[in-house]
Amino acid sequence: MPHSFGYRARTRHMFKRGFKEHGPVKLSTFLVNYSVGDIVDIKANAAQQKGMPHKFYHGRTGIVYNVTLSAVGVIVYKVVGNRYIEKRVNVRVEHVRHSKCRQEFLDRVKANHDAHVAAREKGERVNLRRIPVLPREAHTVSITDNAPQTMRPVPYETTI
């Protein structure tokens, strides 16, 4: 059988609602404030078909460039061939949520500032850089109270 190439073709699992998340859109969705420059994630909500983004933009992150009464305009970069094209997508607020991609960075900035202020009061320097996980230190295993054990595979036996 030939398949269709429609706007929502092959989105059966992509647009489905989560477990125990079916039904109408919650009113708290409409009370979230968006402003120009916010970083948002586009995730289509199947309960509202109006203003739904194309399946390509589902799961993408972009920057808000325009805010209207019931929708936001989002800039998303799309890879076409060997270049990035800036796409401007207008999506209703039901299909958009604030992204948490910058939250770790903002938390780290705040923690670094607090550590810097505390170190300055003590009159010492503190290293605020992230350090990769180093290899474990070398150590010697003692066998005085730790007798070596021989390990063998268990033979396969069938119980038919």
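Keep in mind that the numbers below use all heavy atoms, side chains included, and drop hydrogens, waters and symmetry copies. Keep in mind that what you see is a predicted model, and the values were worked out from it rather than measured.
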Quick one, Met52 and Tyr57 - any side-chain contact, counting heavy atoms below 4.5 Å? no

Interatomic distance, Arg8 atom CZ to Gln49 atom CD [nearest 0.5 angstrom]: 6.0 Å

Do Arg88 and Tyr65 meet the cation-pi criteria used here (NZ or CZ under 6.0 Å from the six-membered ring centre, within 45° of the axis)? yes

Is the positively charged end of Lys78 above the ring of Phe56, judged by distance under 6.0 angstrom from the centroid and angle within 45° of the axis? yes

Val40-Phe30 co-clustered via ILVMFWY side chain contacts under 4.5 Å: yes

Hey, could you give me the CZ/NZ distance between Arg10 and Lys55, rounded to the nearest 0.5 Å? 5.0 Å

Answer yes if Val64 and Val32 sit in the same cluster of Ile, Leu, Val, Met, Phe, Trp and Tyr residues linked by side chain heavy atoms under 4.5 Å apart, and no otherwise. yes

Where do Leu128 and Ala115 come nearest, in terms of heavy atoms and distance? CD2-CB, 3.9 Å

Can you tell me how far CZ of Arg108 sits from CD of Gln103, rounded to the nearest 0.5 angstrom? 12.0 Å

Asn66: which residues meet the side chain to side chain donor-acceptor pair (under 3.5 Å) condition with it, sequence neighbours left out? none

Spacing of CZ belonging to Arg60 relative to NZ belonging to Lys43, to within rounding of 0.5 Å: 15.5 Å

Taking atom CD1 of Ile39 and atom CD1 of Ile63, what is their separation to the nearest 0.5 Å? 5.5 Å

Going through the checks in order, is the side-chain contact (heavy atoms from CB on, under 4.5 Å) test met by Arg83 and Tyr77? CA-CA 10 Å; Arg83 65 199 187 280; Tyr77 289 96; over 6 Å; no

Shared ILVMFWY cluster between Tyr7 and Phe15, side chains joined below 4.5 angstrom? no

Which atoms form the tightest heavy-atom contact between Thr29 and Glu94, and what is the distance? CG2-CA, 3.9 Å

Check whether Tyr34 reaches the backbone of Val96 with its side chain - one donor and one acceptor, N or O, closer than 3.5 Å. yes

Does Val76 belong to the same Ile/Leu/Val/Met/Phe/Trp/Tyr cluster as Tyr84, with side-chain heavy atoms less than 4.5 Å apart forming each link? no

Using atom types as modelled and distance alone, determine if a side-chain donor or acceptor of Asn112 lies under 3.5 Å from a backbone N or O of Val109. no

More than 12 non-hydrogen atoms from neighbouring residues, nucleotides or ligands closer than 6.0 Å to CD1 on Ile143, yes or no? no

Note: Val91 and Pro53 closest approach over all heavy atoms is CG1-CD, 4.0 Å

Go through the steps to decide whether Asn45 and Arg17 satisfy the test side-chain contact (heavy atoms from CB on, under 4.5 Å), and finish with yes or no. CA-CA 7 Å; Asn45 189 341; Arg17 303 292 300 279; 3.2 Å; yes

Quick check: is Val72 connected to Leu27 through a chain of hydrophobic side chains (ILVMFWY, heavy atoms under 4.5 Å apart)? yes

Smallest heavy-atom separation, Ser142 atom then Thr144 atom, equals OG-OG1, 3.1 Å

Would you say CG of Asn146 has more than 12 non-hydrogen atoms from neighbouring residues, nucleotides or ligands within 6.0 angstrom? yes

Inter-residue atom distance Thr61.OG1 - Arg97.CZ, 0.5 Å rounding: 11.5 Å

Around atom NE2 of His54, are there more than 12 heavy atoms from other residues, nucleotides or ligands closer than 6.0 Å? yes

Is there a donor-acceptor contact under 3.5 Å from the side chain of Glu104 to the main chain of Cys101? no

Is the backbone of Ile42 close enough, under 3.5 Å, to the side chain of His95 for a donor and an acceptor to pair up by distance? no

side-chain contact (heavy atoms from CB on, under 4.5 Å) assessment of Val126 paired with Glu124: CA-CA 7 Å; Val126 63; Glu124 59 186 28; 6.0 Å; no

Just to verify, what does Ser70 make a side chain to side chain donor-acceptor pair (under 3.5 Å) with, not counting sequence neighbours? none

I need the minimum non-hydrogen distance between Ala47 and Val25, along with the two atoms involved. CB-CG2, 4.0 Å

Strictly distance-based, threshold 3.5 Å: is any side-chain N or O of Thr11 a donor or acceptor partner for the main-chain N or O of Met14? no

